[in-house]
Amino acid sequence: MMQISTPFMPEKGVIRSIVPMAQDNYLFEFKTDTDRLAACKPGQFVELWVPGVGECPISVCSGRVTESIQLLVRRVGRVTNALFQMSEGDWAGLRGPYGHGFPVERYKGQNLCMVAGGLGIAPIRSLWQYVLDHRQDFGKVILIYGMRHSDEMLFREELKLLLQRGDIHVFLAADDATVCELPPFAMQVGRVTDMIRQAAIDHDFQVAICGPPVMYKYVIEELKAKHVTDQNIWLSLERQMKCGIGKCGHCFIGGRFTCQAGPVFQLADLKFVPELIECDNGGAQ
Ligand SMILES: Cc1cc2nc3c(=O)[nH]c(=O)nc-3n(C[C@H](O)[C@H](O)[C@H](O)COP(=O)(O)OP(=O)(O)OC[C@H]3O[C@@H](n4cnc5c(N)ncnc54)[C@H](O)[C@@H]3O)c2cc1C
Ligand code: FES
């Protein structure tokens, strides 16, 4: 039986459910015995450990973490492949939460736009769940979600419900939208930048963004055209991370450990390493 002796020890998370969202993208719900993960905030991450295989960082995907936590995982390599071999009732290790998430307290009382590209929807989903649970604390709320193909849409059923709500404006677009169950008016062929242009965003919006790094430069350009300031733009940067706790040095850039200083950064705070936004073409989509 695993003993939790330090904050860095993984705790046992029993897989309660596995829901396929799209090809190679599953939503895993883990039940834990302690309330350590109840402290998770939107935009933070946990380290997922598959015994005998290894660990990788995964964003907190649920806005309400109590005795269970949801993680959206894309199968790409060793750890995620091993996780995809598991079944309900099996367990993996979870440690965290780590990093700085989206500053939800700062967003309160303000208008908020959330922009997600591809797998970037995972942390953004935890943010919209948080915001909708505290809806009265926020002004106008906009969600913009872009993907390469409409078949890759994640959280399809949840998005349908959001589209029916009158208190959040949802924009969905795919580069290629040939197959889609959603009403045609809701799904567009295009990119997140096209939708930012259409959305009623102005200078007083806070904007939370997560997507492939190549997307950031163009999203920022569109937001600047709408006079959104660097102080109001928040980016989740998924750098190469391993330990998550400032020890291994994998995520060190511009004098900072992004696992601790991030993964969410204010654009105004990123001027010291412009290449973080402009040159990185790896990432999540
Ligand atoms: C803060 C943060 C949050 C994240 N959130 C999520 C999330 O919510 N969901 C999610 O699915 N992912 C998320 N990621 C990304 C995830 O951590 C990585 O995809 C992680 O590498 C997966 O681990 P793995 O062992 O399965 O893949 P790895 O084995 O590390 O492989 C990673 C990549 O390297 C490639 N690769 C592996 N081996 C080789 C090789 N021999 N030669 C060439 N290429 C190779 C793989 O094809 C893959 O693209 C997040 C990352 C960070 C930093
Ligand atoms: S991931 Fe190890 S130092 Fe940041």
Side-chain angles (χ1 to χ4, degrees), residues 7-8 10 13 18-30 37 40-63 65 69-86 92-102 114 116-129 145 147 152 154-155 208-214 216 234-265 273 276 280-285:
F8 310 128
I18 304 174
V19 181
M21 292 269 133
Q23 190 177 3
D24 290 333
N25 289 264
Y26 287 3
L27 184 69
F28 291 84
E29 182 168 5
F30 294 91
L37 293 172
C40 286
K41 296 277 186 318
Q44 287 190 300
F45 66 94
V46 296
E47 287 284 343
L48 169 75
W49 171 53
V50 177
V53 182
E55 282 190 318
C56 68
I58 299 290
S59 301
V60 173
C61 186
S62 35
V65 180
I69 181 172
Q70 292 178 327
L71 304 177
L72 177 74
V73 181
R74 176 170 294 176
R75 180 182 6 204
V76 293
R78 270 167 45 84
V79 176
T80 50
N81 261 309
L83 182 71
F84 272 60
Q85 306 306 315
M86 292 183 165
L94 299 171
R95 63 181 173 92
Y98 294 129
H100 285 94
F102 294 107
M114 296 167 273
L119 191 57
I121 196 76
I124 293 292
R125 190 244 195 175
S126 70
L127 181 58
W128 88 55
Q129 286 194 340
Y145 172 28
M147 65 216 78
E152 296 170 3
L154 304 167
F155 302 109
I209 310 165
C210 188
V214 70
Y216 288 124
W234 304 84
L235 310 151
S236 179
L237 301 180
E238 297 191 355
R239 305 297 308 170
Q240 286 293 336
M241 286 186 198
K242 225 159 173 59
C243 69
I245 54 170
K247 294 287 175 211
C248 73
H250 271 73
C251 68
F252 191 73
I253 184 158
R256 298 192 193 188
F257 295 105
T258 55
C259 63
Q260 293 185 312
V264 175
F265 291 91
V273 272
L276 266 177
D280 190 343
N281 60 5
Q285 188 159 354

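What you are looking at is a predicted structure, and each value in this text was computed from that prediction instead of being measured. One-based numbering, in listed order, for ligands and for the atoms of each. Note that these values count all heavy atoms, side chains included, but never hydrogens, waters or copies made by symmetry.
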How long is the straight-line distance from [atom2] of [Y] back to [atom1] of [X], given to the nearest 0.5 Å?
X: Q260; Y: F252; atom1: CD; atom2: CZ; answer: 11.0 Å
X: F45; Y: H100; atom1: CZ; atom2: NE2; answer: 11.0 Å
X: W234; Y: I209; atom1: CH2; atom2: CD1; answer: 11.5 Å
X: C210; Y: Y216; atom1: SG; atom2: OH; answer: 4.5 Å
X: C40; Y: I69; atom1: SG; atom2: CD1; answer: 4.0 Å

> Would you call K242 and E47 a salt bridge, taking side-chain N to carboxylate O under 4.0 Å as the test?
Replying inline: no
>> I need the contact residues for ligand 1: any residue with a non-hydrogen atom closer than 4.0 Å to the ligand, ordered by chain then number.
In response: F45, C56, P57, I58, S59, L72, V73, R74, V76, G77, R78, V79, T80, L119, A122, E238, R239, M241
Identify every side-chain donor-acceptor pair in residues 120-127 under 3.5 Å, counting partners at least two apart or on other chains, and give the distances.
{"residue": "R125", "atom": "NE", "partner": "E158", "partner atom": "OE1", "Å": "3.2"}
{"residue": "R125", "atom": "NE", "partner": "E158", "partner atom": "OE2", "Å": "3.3"}
{"residue": "R125", "atom": "NH1", "partner": "C61", "partner atom": "O", "Å": "3.2"}
{"residue": "R125", "atom": "NH1", "partner": "Q70", "partner atom": "OE1", "Å": "2.6"}
{"residue": "R125", "atom": "NH2", "partner": "Q70", "partner atom": "OE1", "Å": "3.2"}
{"residue": "R125", "atom": "NH2", "partner": "E158", "partner atom": "OE1", "Å": "2.9"}
{"residue": "S126", "atom": "OG", "partner": "V60", "partner atom": "O", "Å": "3.4"}
{"residue": "S126", "atom": "OG", "partner": "P123", "partner atom": "O", "Å": "2.7"}

Would you give me the side-chain donor-acceptor pairs under 3.5 Å for residues 76-83, sequence neighbours excluded?
{"residue": "R78", "atom": "NH2", "partner": "V53", "partner atom": "O", "Å": "2.4"}
{"residue": "T80", "atom": "OG1", "partner": "V76", "partner atom": "N", "Å": "2.9"}
{"residue": "T80", "atom": "OG1", "partner": "G77", "partner atom": "N", "Å": "3.0"}
{"residue": "T80", "atom": "OG1", "partner": "G77", "partner atom": "O", "Å": "3.4"}
{"residue": "N81", "atom": "ND2", "partner": "G77", "partner atom": "O", "Å": "3.0"}

> Once the angle between the rings of F28 and F30 is folded into 0 to 90°, is it parallel (under 30°), tilted (30 to 60°) or perpendicular (over 60°)?
Replying inline: parallel
>> Closer than 2.8 Å to atom 4 (Fe) of ligand 2, what protein N/O/S atoms do you find?
In response: C251 SG, C259 SG
